[in-house]
Structure formats: structure tokens, C-alpha cells
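Keep in mind that what you see is a predicted model, and the values were worked out from it rather than measured. Read the numbers this way: they start at 1 and go in the same order the structure lists the ligands and their atoms.
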Amino acid sequence: MLGAGAMGTALATRLLRAGHPVTVWNRTPGRSAALVDAGAAEAATVAEAVTHHDLVVACLFRFPSVLETLDPVVAQLRGRTLVNLTTTTPGEARELASWAEAHDVEYLDGAVLAVPEMIGSREAQIFYSGSRAAYGAHEGLLATWGTSTFEGTDAGMASLVDLAMLSAMYQMFAGFFHGAAMVGSEGMPAAEFAARTSPFISAMAGAFAHYAQVIDGGDYTVPGQQSLEFSDLSHIVRASDEQGVNASTLAAVQALVARQVAAGHGKEGLARVYESLRPRW
Ligand SMILES: NC(=O)c1ccc[n+]([C@@H]2O[C@H](COP(=O)([O-])OP(=O)(O)OC[C@H]3O[C@@H](n4cnc5c(N)ncnc54)[C@H](OP(=O)(O)O)[C@@H]3O)[C@@H](O)[C@H]2O)c1
């Protein structure tokens with residue numbers, strides 16, 4: 001296990017509990033003490049760490065830290081399997097996969113959709129993509145961390161699915177923060193807004209499946225949808241402006257709606273916003 005940060009420690013702890021031998025390396029010495037107490041061996045150098053086992057797991061910081069750490073020891077990695085659980089973009093994951101292939105390293109990219117406390121529970125989701133052989137060979141070990149899904153042999157897919165889900169989450173949170181600031185401008189506590197908004201948003205999430213059906217079907221004229229004209233949000237943007245609250249998150253959504261209306265699709269369903277976002281593939 002390369003990296004004894006919060007996530008690396010949670011992953012290694014789980015492996016030790018499941019009876020797997022673990023050797024840990026961390027850039028800053030001393031951070032692995034808890035893992036060593038739990039039974040891990042500590043390696044003084046990356047080169048030493050990667051030669052102890054056929055399976056090497058990296059859980060570092062961002063993309064540059066992975067190459068910075070592993071490129072100098074690529075000769076020792078040859079013939080082994082690398083599972084990279086460091087968050088990367090899809091493009092970065094593909095770059096790592098090409099680098100690994102060029103050096104005869106079996107590469108499996110992983111994206112962790114969980115916080116460290118969830119590791120070891122079924123609720124922790126980890127997506128994998130890249131080497132199918134590596135996924136198949138280590139499926140049992142990977143399952144000790146949570147619910148694993150193999151997303152295919154394109155190494156970028158795990159990251160893409162993970163970051164798409166996080167994108168949905170952060171934009172939902174931004175919506176909550178904006179609404180809280182609107183009512184907060186007149187003194188309503190965020191706690192009250194949260195208690196009242198949470199059940200409403202949960203109910204609205206039920207609409208995802210319907211929107212998905214429309215998007216996948218590609219026909220935004222299917223009857224029974226809220227139209228884009230009806231979805232004009234300028235009154236909400238104005239309300240926010242009147243209260244002196246930054247409306248930029250909502251204005252961004254309004255711009256996506258307006259683009260489709262301007263292109264003559266006002267009578268079609270709200271899901272057509274998807275067309276404002278997607279590239280012309
Ligand atoms: N924590 C979460 O909730 C969570 C959830 C999903 C995914 N992740 C991903 O898991 C990865 C690790 O996150 P974390 O929560 O464990 O972060 P963390 O607690 O900040 O630990 C970061 C780890 O990366 C190491 N590191 C940073 N830069 C490095 C470099 N240039 N070279 C070598 N090692 C370097 C750090 O070593 P030092 O001790 O020497 O600084 C430390 O071991 C990240 O990619 C993160 O996005 C985390």
C-alpha cells in the first residue's frame with residue numbers, strides 16, 4: 001500500500017483485518033505507525049515496498065504524485081499488478097494505463113465513491129476499469145473494501161463514472177446552499193431550510209428515471225413532460241437578485257434552458273437541457 005493518508009490507512013486496515021499481508025510505504029515517515037501496530041510491515045523506500053508483493057495499491061494525492069512515486073521504480077514494478085485508487089481524471093487514468101502497458105505492468109484504475117469510514121461496508125462503492133485480468137484475479141481482495149464494479153477495459157471509465165456522480169452531488173449541494181442563502185437573507189436558519197427542503201429534493205430525485213428514459217429515447221417531444229418554456233427560471237434569478245444573493249449557480253442552469261428555447265425547442269421537455277451540455281458526438 002503506497003500512501004498512508006486517511007484513505008490508504010482505511011484500505012490497508014481492512015486488508016489486514018481480512019488476513020492479507022500488507023507492506024506500507026508513505027512519503028512522510030511516521031504516518032504508518034497505526035498500520036504497523038495493526039500488523040503491517042513498513043518499507044523505507046518505494047522500491048522496497050513494491051518488491052514485497054505481486055499486487056501494488058497506490059492511494060496518493062493527485063495524478064502527478066502517482067507518476068512521481070512510481071516512475072523511478074518502474075523496473076521493480078515490471079510483471080506486477082498496480083491498482084491505482086488515487087483520484088484522477090479519465091484522461092490521466094488512460095495516461096497511467098499507457099505508461100503501465102509500456103513497462104509491462106498490469107494496470108487497474110479504481111475510483112472510490114466513499115469516505116474512509118465507509119471502507120469495508122457494502123455502501124462503499126469502488127469502480128474499476130482497465131485490466132480485466134487484474135480485476136478477475138483480485139476480485140476477492142477488492143471485495144473486502146466494499147461493493148466493486150468493473151466498468152470495462154477503458155482505464156478512464158471508473159474515474160468518469162465516479163466524477164460524473166460527484167458532479168451531480170456537488171451541483172445539488174450548490175443548489176441547497178443557494179436556496180439557504182435566499183431564505184437566509186431574511187433570517188431563516190439554514191437548519192430550518194434543510195429540514196423543509198430535504199424531503200422535497202428526495203421526492204424530486206425520483207424523476208431521474210423518467211428524464212433518463214426521455215434522454216435515452218432521444219425524443220424530447222414525448223407528451224406529459226414539463227416544457228422548457230414552463231421551465232424559464234428568470235423569476236427565480238430575479239428573486240435572488242432582489243434579495244442580494246449571488247444567483248450564478250441558477251443563472252448557469254437558466255442559460256442552458258434559454259439556449260434550447262432560442263433554438264426553437266421551447267415546447268419540448270426540460271430534459272432537453274442535456275442537449276445544451278453534450279458534445280456533438
Ligand atoms: N478521503 C476521502 O474521503 C476520499 C474519498 C474518495 C477518494 N479519495 C482519494 O484517495 C486519495 C488519498 O486521499 P486521502 O484522503 O488519503 O488524502 P490524505 O489523507 O491527504 O493523504 C494523501 C496521501 O498522499 C500522499 N502524497 C501526497 N502527495 C504526494 C506526492 N507528491 N508523492 C507521494 N505521496 C504523496 C501523502 O503523503 P504524505 O503523508 O507524505 O503527505 C498521503 O499519504 C486521493 O486521491 C483522494 O482523492 C479520498
Checklist entry - Any idea which atoms of ligand 1 are less than 4.0 Å away from a heavy-atom of Glu68? => result 31 (N)

Next on the checklist: Can you see whether Ser276 engages Gln260 through a side-chain donor-acceptor pair at a distance of less than 3.5 angstrom?
Outcome noted: yes

Next on the checklist: Out of the candidates Thr87, Leu70, Thr86, only one should pair with Leu60 under the side chain to side chain contact (heavy atoms under 4.5 Å, CB included) rule; please name it.
Outcome noted: Thr86

Checklist entry - Considering only protein heavy atoms, which is closest to atom 48 (C) of ligand 1, and at what distance to one decimal place? => result Met7 CE, 3.9 Å

Next on the checklist: How far is atom 5 (C) of ligand 1 from the closest protein heavy atom, and which atom is that?
Outcome noted: Ala114 O, 3.0 Å

Item to check | Candidate pair Gln243 and Ser185, rule side chain to side chain donor-acceptor pair (under 3.5 Å), full reasoning | outcome: CA-CA 6 Å; Gln243 294 300 127; Ser185 68; 2.8 Å; yes

Checklist entry - Going by the atom numbers of ligand 1, which of them fall below 4.0 Å from some non-hydrogen atom of Phe61? => result 24 (O), 27 (C), 28 (N), 44 (C), 45 (O)

Checklist entry - Can we say Glu192 and Arg196 salt-bridge, meaning some charged N sits less than 4.0 Å from an Asp/Glu carboxylate O? => result yes

Next on the checklist: Quick test of your reading of the model: are Glu106 and Arg80 salt-bridged, counting only N-O distances below 4.0 Å?
Outcome noted: no

Checklist entry - Should Val112 be counted as touching ligand 1, given the test is an N or O pair under 3.5 Å? => result no

Item to check | Proximity to ligand 1 by part of Pro64, non-hydrogen separation under 4.0 Å | outcome: neither

Checklist entry - Taking the six-membered ring where the residue is Trp, are the ring centres of Phe176 and Phe193 under 6.0 Å apart? => result yes

Checklist entry - Are any of the N/O atoms in Pro116 less than 3.5 Å from those in ligand 1? => result no

Checklist outcome for this item: Near Cys59 (heavy-atom distance under 4.0 Å), the atoms of ligand 1 are 10 (O), 11 (C), 12 (C)

Checklist outcome for this item: The closest protein heavy-atom partner of atom 43 (O) of ligand 1 is Asn26 OD1, 2.6 Å

Next on the checklist: For atom 44 (C) of ligand 1, what's the nearest protein heavy-atom neighbour? Residue, atom name and distance, please.
Outcome noted: Leu60 O, 3.2 Å

Checklist entry - What are the atoms of ligand 1, with element, lying closer than 4.0 Å to any heavy atom of Thr86? => result 45 (O)

Checklist entry - Do Tyr135 and Tyr128 have ring centres separated by under 6.0 Å? => result yes

Next on the checklist: Out of all atoms in ligand 1, which are within 4.0 Å of some heavy atom of Arg31? Include the element for each.
Outcome noted: 19 (O), 38 (P), 39 (O), 41 (O), 42 (C)

Checklist entry - Which atoms of ligand 1 have any heavy atom of Gly3 under 4.0 Å away? => result 43 (O)

Item to check | Side-chain (Ser98) to main-chain (Arg94) donor-acceptor, under 3.5 angstrom | outcome: yes

Checklist entry - Which heavy atom of the protein is the closest neighbour of atom 32 (N) of ligand 1, given with residue, atom name and distance? => result Thr69 OG1, 3.6 Å

Please tabulate, for side-chain N and O atoms in residues 35-51, each donor-acceptor pair with protein atoms closer than 3.5 Å (sequence neighbours left out).
unit_1, atom_1, unit_2, atom_2, d
Thr45, OG1, Glu48, N, 3.1
Glu48, OE1, Ala44, N, 3.1
Thr51, OG1, Ala47, O, 3.1
Thr51, OG1, Glu48, O, 2.9

Checklist entry - Do Ser234 and Asp232 get their side chains close enough for a donor-acceptor pair, meaning under 3.5 Å? => result yes

Item to check | Under-4.0 Å heavy-atom contact with ligand 1, by part of Ala111 that carries it | outcome: neither

Checklist entry - According to the interplanar angle, ranging from 0 to 90°, do the rings of His103 and Trp99 count as parallel (below 30°), tilted (30 to 60°) or perpendicular (above 60°)? => result tilted

Item to check | Check: Ser32 side chain, Ala4 main-chain N or O, donor-acceptor pair, under 3.5 Å | outcome: no

Checklist entry - Considering only protein heavy atoms, which is closest to atom 19 (O) of ligand 1, and at what distance to one decimal place? => result Ala6 N, 2.9 Å

Checklist outcome for this item: Taking only non-hydrogen atoms of Arg62 and a 4.0 Å limit, the atoms of ligand 1 in range are 47 (O)

Item to check | Shortest protein contact, atom 47 (O) of ligand 1 (heavy atom only) | outcome: Thr87 OG1, 2.6 Å

Item to check | Nearest protein heavy atom with distance in Å, relative to atom 40 (O) of ligand 1 | outcome: Thr28 OG1, 2.4 Å

Item to check | Heavy-atom protein contact below 4.0 Å for atom 14 (P) of ligand 1 | outcome: yes

